[in-house]
Peer 1: 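What follows is a single structure, and I will ask about it in a moment.
Below, read A as the first sequence line, B as the second, and so on, with proteins coming before strands; counting in each chain starts at 1.
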Number of protein chains: 2
Amino acid sequence: MTSVCATGQHDHHDVYAQQCPCRGLLELIANKWTALAVGALAAGPQRFGALQRQLEGVSPKVLTQTLRRLEDANLISRTVYPAVPLHVEYELTEVGWSLTVPLKALRQWVEEHVDEARV
Amino acid sequence: MTSVCATGQHDHHDVYAQQCPCRGLLELIANKWTALAVGALAAGPQRFGALQRQLEGVSPKVLTQTLRRLEDANLISRTVYPAVPLHVEYELTEVGWSLTVPLKALRQWVEEHVDEARV
DNA sequence: CGGTATCCCGTGCGATACTG
DNA sequence: CAGTATCGCACGGGATACCG
């Protein structure tokens, strides 16, 4: 069994439907900036402004949406340091950090097959 | 360096922008059915109708779009057997097959962290 | 059987302006 | 500094009907 969704418990009657456990993750990292934000945070905790500069072209609204979704998914944490001016740090959680491993595998696949695959 | 996009050649000046080589792949598998179609085809060559039944809920138009994109990316091949009724087979290419490896890593991550991460 | 054509809708994304 | 508010558009996706 090598499919994305099937488990060892399943057989050829598998349905790759809405119930697939991959769906949630795929829909999360599917959007434009999420995986890139995780990649940026893999270098260490970052402030909102720093993330916005690294993810070139992202608007503050969209960056906020992206970070909120990651926070809701428990992949990053948001820490506010009450000060003037405001200081907010985003950081990968432990489980968020673990996600960088398969994500990095994906990146390596791209590097290795960028010529064969027209992605 | 553990970020999604940075390579060993890069340093802290990396920009996770539109130029990131991951972007193409992420935008490809980002949509609703692509990764699932790859997963289905990992079980072996499939006909259009069989894919449509496995990817429960997909409309013929969207399935066609999905398969065309995968074909354009050189990840699957489309073979027409001229007969009545028509017989069309979709099959993973070699590079398409190689993609199932990191995709499977992603699935395993989901299974292992489904409780910690609310994806 | 394996699609295309057509219509429609939700939402992800972007630009800009403004605020605690 | 770190967002929110508002507007608008493009596009992915869905339903249905039809075609070679």
Peer 1: Of the nucleotides dG3(D), dG3(C), dC1(D), which one has an atom closest to the side chain of Tyr90(A)?
Peer 2: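 Side chain of Tyr90(A) sits closest to dG3(D).
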Peer 1: From the options dC1(C), dC13(C), dA2(D), select the nucleotide whose nearest atom is closest to the side chain of Leu86(A).
Peer 2: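 The closest nucleotide is dA2(D).
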Peer 1: Identify which nucleotide among dC1(D), dC1(C), dG3(D) has an atom closest to any side-chain atom of Val88(A), counting heavy atoms from C-beta outward.
Peer 2: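 For Val88(A), the side-chain atoms sit closest to dG3(D).
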Peer 1: dC13(C), dC1(D), dG2(C): which one has an atom nearest the side-chain heavy atoms of Arg47(B)?
Peer 2: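 The listed nucleotide nearest to Arg47(B)'s side chain is dG2(C).
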Peer 1: When you get a sec, tell me which of dG14(D), dG14(C), dG2(C) is the closest nucleotide to the side chain of Arg78(B)?
Peer 2: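 Nucleotide nearest to Arg78(B)'s side chain: dG2(C).
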Peer 1: Give a yes-or-no answer on whether the side chains of Glu91(A) and Gln46(A) include a donor-acceptor pair shorter than 3.5 Å.
Peer 2: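 Absent: no donor and acceptor within the cut-off.
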Peer 1: If you check the Arg69(A) side chain, which of dA2(D), dA17(D), dC13(C) turns out closest?
Peer 2: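 Among the listed nucleotides, the one closest to the side chain of Arg69(A) is dC13(C).
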Peer 1: Has Arg69(B) got a side-chain atom pairing as donor or acceptor with Leu28(B)'s backbone, closer than 3.5 angstrom?
Peer 2: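 Answer holds: no.
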Peer 1: Please determine, for the side chain of Trp33(A), which listed nucleotide (dG13(D), dC13(C), dA15(D)) has the closest atom?
Peer 2: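 For the Trp33(A) side chain, the nearest candidate turns out to be dC13(C).
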Peer 1: Looking at the side chain of Pro60(B), which of dG13(D), dG2(C), dA17(D) is the nearest nucleotide?
Peer 2: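 The answer is dA17(D), which lies nearest to the side chain.
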Peer 1: Could you check Pro85(A) against Thr66(B) and say which one's nearest nucleotide on DNA chain D is further toward the 5' end?
Peer 2: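 Its nearest nucleotide lies further toward 5', so the answer is Pro85(A).
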Peer 1: Out of dG14(C), dA2(D), dG14(D), which has the shortest distance to the side chain of Lys61(B)?
Peer 2: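 Shortest atom-to-atom distance from the side chain points to dG14(D).
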Peer 1: Of the nucleotides dT4(D), dG14(D), dG3(C), which one has an atom closest to the side chain of Arg68(B)?
Peer 2: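 Taking heavy atoms from C-beta onward, the closest nucleotide is dG3(C).
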